[in-house]
Amino acid sequence: MPCPAPRTPAAERVADALIPWYREHARDLPWRGEAFLHSFGAWGVLVSETMLQQTPVTRVIPHLAAWLERWPTPAALAAATPAEVVHQWANLGYPRRALWLHRAAGSIVAEHGGRIPRDVDALLALPGVGEYTARAVAVFAFGDRHPVVDTNTRRVIARVVHGREQPHPPARRDLDEMAELLPDDDQDAAAVNAAMMELGATVCGARSADCAHCPLAAECAWHRNGHPAGEDRRRRQARYEGSDRQARGAVLRALRAASAHALPVDAVLADWPDAAQRDRAIQSLVDDGLVEAFAHELRLPR
DNA sequence: CTCCGGGCTC
DNA sequence: GAGCCAGGAG
């Protein structure tokens with residue numbers, strides 16, 4: 001565990017306001033509460049956090065239940081084929097995450113006796129597990145004390161602590177800033193981590209800030225200064241319509257619809273407007289291990 | 001820094 | 001149509 005950073009009085013006030021607010025207003029999500037942790041434990045947390053990477057909560061919920069019913073343990077998932085895994089991932093997006101989770105399950109079985117590691121560095125070594133997911137598992141599955149920083153946390157810190165509407169792009173420093181807000185007690189620290197994400201998701205949004213219902217309004221530098229606009233350092237997201245990503249998605253959707261069966265190459269996106277783009281998409285899917293290519297056929301990988 | 005899904009909202 | 005979403009890898 002990292003050594004507790006010294007807390008300022010302001011940091012203590014933030015935690016003192018956040019914890020009761022969270023107990024009162026937290027959404028009733030499936031991965032909160034004892035039933036989930038008791039049934040699925042750290043594996044359920046790892047699966048849910050992976051699905052939640054860049055995919056909204058409301059879309060994850062039904063897929064998570066189905067996934068854990070089919071593969072209730074890392075060993076069960078490790079025994080599946082990539083084709084089954086990619087098919088089950090369905091339309092959650094960024095399907096490389098499904099392969100990473102599959103490979104992580106194999107590593108958990110081979111190197112950790114089938115149990116999810118508790119150590120952050122061991123978690124970080126798993127494919128598809130980065131700074132956010134590693135600490136989310138350590139904190140929400142095992143109850144340890146670490147800073148957990150996601151897009152919500154970064155935005156809340158930018159506003160409350162720095163008085164800026166928008167956060168800078170993700171940086172290592174974010175972890176230190178969050179660590180400075182954490183109480184010494186493990187459970188309180190976990191609650192503050194969860195509450196910062198919840199606040200950003202439900203009250204202090206990217207598009208709208210409902211300061212009238214915010215437990216941190218009295219502490220918030222951005223609110224106190226009258227919501228200054230400030231400069232916007234966000235990077236613009238590439239256009240999706242007509243992109244290679246869209247082509248990849250269409251190829252994979254066709255192969256999922258064919259289940260594990262192979263499809264003739266010419267039948268996959270036969271009417272795609274840009275043939276070169278279609279071929280580029282297929283090649284990149286093969287490179288990622290999401291598609292297997294034969295002389296004239298494609299299929300999900302076995 | 002760029003790439004990587006897909007659905008929903010403003 | 002553009003931005004956003006419990007990010008991660010190369």
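Order of the sequence lines fixes the chain letters, A, B, ..., with proteins taken first and strands second; residue numbering starts at 1 for each chain. If you're wondering where the values come from, they're calculated on a predicted model, not measured in any experiment.
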Classify the nucleic acid contact of [X] as base, sugar-phosphate or nothing, counting any heavy atom under 4.0 Å across all strands shown.
X: A/Trp31; answer: base
X: A/Glu131; answer: sugar-phosphate
X: A/Val148; answer: nothing
X: A/Ala136; answer: nothing

message: Does C/dA6 have its OP1 or OP2 closer than 4.0 Å to a side-chain nitrogen or oxygen of A/Thr151?
response: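 Checking A/Thr151 against C/dA6: no side-chain N or O falls below 4.0 Å of OP1 or OP2.
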
- request: Tell me whether the OP1 or OP2 atom of C/dG8 has a side-chain N or O from A/Thr133 closer than 4.0 Å.
  value: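 Yes, within the criterion.
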
Measure [atom1]/[X] against [atom2]/[N] and give the value in whole Å, please.
X: A/Trp89; N: C/dG7; atom1: CH2; atom2: P; value: 13 Å
X: A/Glu198; N: C/dA6; atom1: CD; atom2: P; value: 10 Å
X: A/Arg135; N: C/dG7; atom1: CZ; atom2: C1'; value: 13 Å
X: A/Leu101; N: C/dG8; atom1: CG; atom2: P; value: 13 Å
X: A/Tyr132; N: C/dA9; atom1: OH; atom2: P; value: 14 Å
X: A/Leu52; N: C/dC5; atom1: CG; atom2: C1'; value: 10 Å
X: A/Arg236; N: C/dG1; atom1: CZ; atom2: P; value: 15 Å

- prompt: Rounding to the closest angstrom, what is the interatomic distance between C/dG10 and B/dG5 at atom P?
  reply: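 Straight-line distance between the two P atoms is 14 Å.
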
- request: Take atom P in B/dC10 and the same atom in C/dA6, then report the distance between them in whole Å.
  value: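 Rounded to whole Å, the distance is 14 Å.
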
Could you pull out all donor-acceptor pairs under 3.5 Å where a side-chain atom in residues 103-111 of chain A meets a protein atom, sequence neighbours excluded?
none

How long is the span from the [atom1] atom in [X] to the [atom2] atom in [Y], to the nearest 0.5 Å?
X: A/Leu300; Y: A/His87; atom1: CG; atom2: NE2; answer: 7.5 Å
X: A/Ser48; Y: A/His63; atom1: OG; atom2: NE2; answer: 14.5 Å
X: A/Met196; Y: A/Arg155; atom1: CE; atom2: CZ; answer: 10.5 Å
X: A/His146; Y: A/Met178; atom1: NE2; atom2: CE; answer: 13.0 Å

5′-ward residue of the pair A/Val129/A/Glu49 relative to DNA chain C: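 So the residue in question is A/Glu49.
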
5′-ward residue of the pair A/Met197/A/Leu124 relative to DNA chain C: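 Final value for this comparison: A/Met197.
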
- prompt: Will you find, in the side chains of A/Gln283 and A/Asp287, an N or O donor that is under 3.5 Å from an N or O acceptor?
  reply: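 Indeed, the side chains of A/Gln283 and A/Asp287 share at least one donor-acceptor pair under 3.5 Å.
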
message: I want to know whether A/Trp89 and A/Trp67 have ring centres closer than 6.0 Å.
response: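 When the ring centroids of A/Trp89 and A/Trp67 are compared, they turn out to be within the sub-6.0 Å range.
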
message: Would the base of C/dA6 count as contacting A/Arg155 through its side chain, where contact means a donor and an acceptor less than 3.5 Å apart?
response: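 A donor-acceptor contact between them is absent.
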
- line: Given protein heavy atoms under 4.0 Å, the one-letter contact record of nucleotides 2-10 of chain B, with B base, S sugar-phosphate only and - none, is simply B-BBBS-B-

message: Please check if the number of heavy atoms outside A/Glu12 that lie under 6.0 Å from its CD is greater than 12.
response: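 Yes - once you tally the heavy atoms of other residues, nucleotides and ligands closer than 6.0 Å, there are more than 12.
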
Atom CZ of A/Arg172 with >12 non-hydrogen neighbours under 6.0 angstrom: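 No, not enclosed.
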
field: Contact residues, residues 61-71 of chain A to DNA chain C [heavy atom, < 4.0 Å]
entry: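 None - not one residue of the stretch has a heavy atom sitting under 4.0 Å from the strand.
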
message: Quick check for you: among C/dG1, C/dG3, C/dA6, whose closest atom lies nearest to any side-chain atom of A/Arg239?
response: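 For A/Arg239, the side-chain atoms sit closest to C/dG1.
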
- request: Among A/Val60, A/Leu101, A/Leu46, find the one that has a side chain to side chain contact (heavy atoms under 4.5 Å, CB included) with A/Met51.
  value: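 When side chain to side chain contact (heavy atoms under 4.5 Å, CB included) is applied between A/Met51 and each of A/Val60, A/Leu101, A/Leu46, only A/Val60 qualifies.
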
